[in-house]
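Step one of this worksheet: look at the structure below.
What you see is a predicted model; the values in this text were computed from it and never measured. Read the numbers this way: they start at 1 and go in the same order the structure lists the ligands and their atoms.
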Amino acid sequence: MTHPNSPAALSILVDRATAMPIGDQIHASLRQAIVEGRLAPGQRLPSGRDLAAQLGVARGTIRVVYDRLIAENLVFGAGSSGTHVCSRLDVGRAGGKASLDGPLADFNRPFSSAPLPFQMGVPAHDAFPAKLWARMRTRAVRADAIAYTTYGDPRGEPALRAQIASHLAVSRQMQCHPDQIIVTSGYRQGLMLALTALRAHGRKAWLEEPGYPLGRRALEVIGAEVVPVPVDAEGLRVEAGVASAPDALLALVTPGQHAPLGVTMSPERRRALLDWAAARGAWIIEDDYLGEIQLDGRAAPALAAGEGAEHVVYIGAFSKTISPALGLGFVVAPRSATERLVEVSAVLAPAPNRTTQLAVTEFLRDGHYLRHLRQMKALYAERRRLTLTHVSEFLPGTLMAGLGVIAPLPQSADDRVIVGIARAHGLAPSALSAWYLRRSQAQGGLILSATNVHPDNIGAVCAKLASIVASSSSGTHQSNDRERGLGTWSRERP
Ligand SMILES: Cc1ncc(COP(=O)(O)O)c(C=O)c1O
């Protein structure tokens, strides 16, 4: 039987009689095999040495071919684990051209597939209330089918906005009118609405350092000048922001639970930030991505909840609390900016998909949302405890952070390299250093979400991760390797 990775099975034809260079012929054959799906996403390519031997060509020829395929985003190199076919090839298949998803490399991959252990930003897949949700969606589809064939309110369904307003009053102590709420497709759409409405182009914007990479990308896309402001154990160091850019238009922050360090902004820092915004007429964009999912005690009220809230644009999403597959979030605009935000939303991005909105309305109204959140908090607290225990065995100094843990690495290890190798082994840790704007300040470490680990898989996934870390940091391992800490934010933590 032919081996699936053999040149014959992959239809690699080398014709020395034609004028086409041999490297081009091999490249074209492999490309064809990938585009047609004979080499499946994730599949490992033959090693350069094997393929060269089987085809009777120089190894350097194969190396050049693989480099070309990597540059075209058709395959990726995973260090000693070899070269693998990329997972998103739709563009290439449709157009017969190379995949164009290069800019998405930093986003929450993998897309549209089962969440991997340690993958950030996704809730527990096994605990999603699928049956209940299917019932609600079915009812919503029927209601939507017989609804008027007319435009919906660009701010979102009034019933949903009313439910969100009541929920925020209870869970985040926010007093807002439903007309201040604009339903969006998620945090990112809310952020772009806010940045457009506040005219951030060409203006300075404070960004937490470390901070959510997609927040940074959004600021860059809109043309704002990003000013990194360090975070310590009390959250954003407001005085550092004031020292470097007092005239900034806005500050983009995660005060409830800093992403990814998990620290809650202290009352003094909250006050200082609100005072700066009031004194300078600046804006605070509050990214409340976890909402009330606080695993230690009760969540602090939103910044948009108290005095000074007229300077805060609050952005929430159901991505963490229900699922990112919903594609639903919301903005709460301060009264003075409501008209600007509503105008931008109506022109640029009216509220999405009425069926999903109706289903979520029922989910909230009938108490399922609160129940689900309660269950998820208990589940995540247990999964985080389990993850901390296991990871601390091979990476001492690991700390709880948000819905997971952050693990320091030996001095000799590169977190991005480890992340690349782990991905090829079916794990999805994130590199802490990728969350820094300034590479010189970047702290290395692994961000490990606990939402999709459980007693049945934790032993195996931790053993795999431990061996990847060990093999990636061996050789140059220093005796004081383990002493590398996690920076100032971790020092005063309990
Ligand atoms: C800091 C932060 N904000 C917001 C989000 C949610 O973004 P979206 O609703 O666009 O999926 C995430 C998701 O990972 C996040 O980490």
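- With Asp144 as the partner, the side-chain hydrogen bond (donor to acceptor under 3.5 Å, both in side chains) test is satisfied by one option alone out of Asn353, Thr356, Thr355: Thr355.
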May I have the list of side-chain donor-acceptor pairs in residues 291-310 shorter than 3.5 Å, sequence neighbours left out?
unit_1 : atom_1 : unit_2 : atom_2 : d
Glu292 : OE2    : His167 : NE2    : 2.8
Gln294 : OE1    : Asp296 : N      : 3.2
Asp296 : OD1    : Arg384 : NH2    : 2.7

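- Only the side chain of Lys320 comes within contact range of ligand 1, with a heavy atom under 4.0 Å; no backbone atom does.
- At least one N or O atom of Arg188 sits closer than 3.5 Å to an N or O atom of ligand 1.
- Contacts of Pro324 with ligand 1, taken as heavy-atom pairs under 4.0 Å, are absent altogether.
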Side-chain donor/acceptor pairs under 3.5 Å, residues 394-406, sequence neighbours excluded:
unit_1 : atom_1 : unit_2 : atom_2 : d
Thr398 : OG1    : Leu395 : O      : 2.6

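- Contact atoms of ligand 1 toward Ser319: 8 (P), 9 (O), 11 (O) (distance under 4.0 Å to a heavy atom of the residue).
- A salt bridge is absent between Arg139 and Asp366: the closest approach of a Lys/Arg side-chain nitrogen to an acidic carboxylate oxygen does not fall below 4.0 angstrom.
- From Met192, atom CE reaches atom OG1 of Thr184 across 13.0 Å, with rounding to the nearest 0.5 Å.
- In the vicinity of Gly186, heavy-atom distances shorter than 4.0 Å reach the ligand 1 atoms 9 (O).
- The contact set between ligand 1 and Ala259, taken as ligand atoms under 4.0 Å from a residue heavy atom, comprises 1 (C).
- For ligand 1 and Ala317, the ligand atoms under 4.0 Å from any heavy atom of the residue are 9 (O).
- Residues Glu382 and Arg385 are paired through a salt bridge, judged by an N-O separation under 4.0 Å between the basic side chain and the carboxylate.
- A distance of 9.5 Å separates CD1 in Ile284 from CG in Leu236, rounded to the nearest 0.5 Å.
- Of all atoms in ligand 1, listed by their number and element, those nearer than 4.0 Å to a heavy atom of Gly121 are 14 (O).
- Comparing heavy-atom distances from atom 16 (O) of ligand 1 across Tyr212, Trp435, Tyr187, Phe318 singles out Tyr212 as nearest.
- Contact atoms of ligand 1 toward Asp287: 1 (C), 2 (C), 3 (N), 4 (C) (distance under 4.0 Å to a heavy atom of the residue).
- By the 30° and 60° cut-offs, the orientation of the rings of Phe76 relative to His84 is parallel.
- Within ligand 1, the atoms closer than 4.0 Å to a non-hydrogen atom of Tyr289 are 1 (C), 2 (C), 3 (N), 4 (C), 5 (C), 15 (C), numbered from 1 in the order shown.
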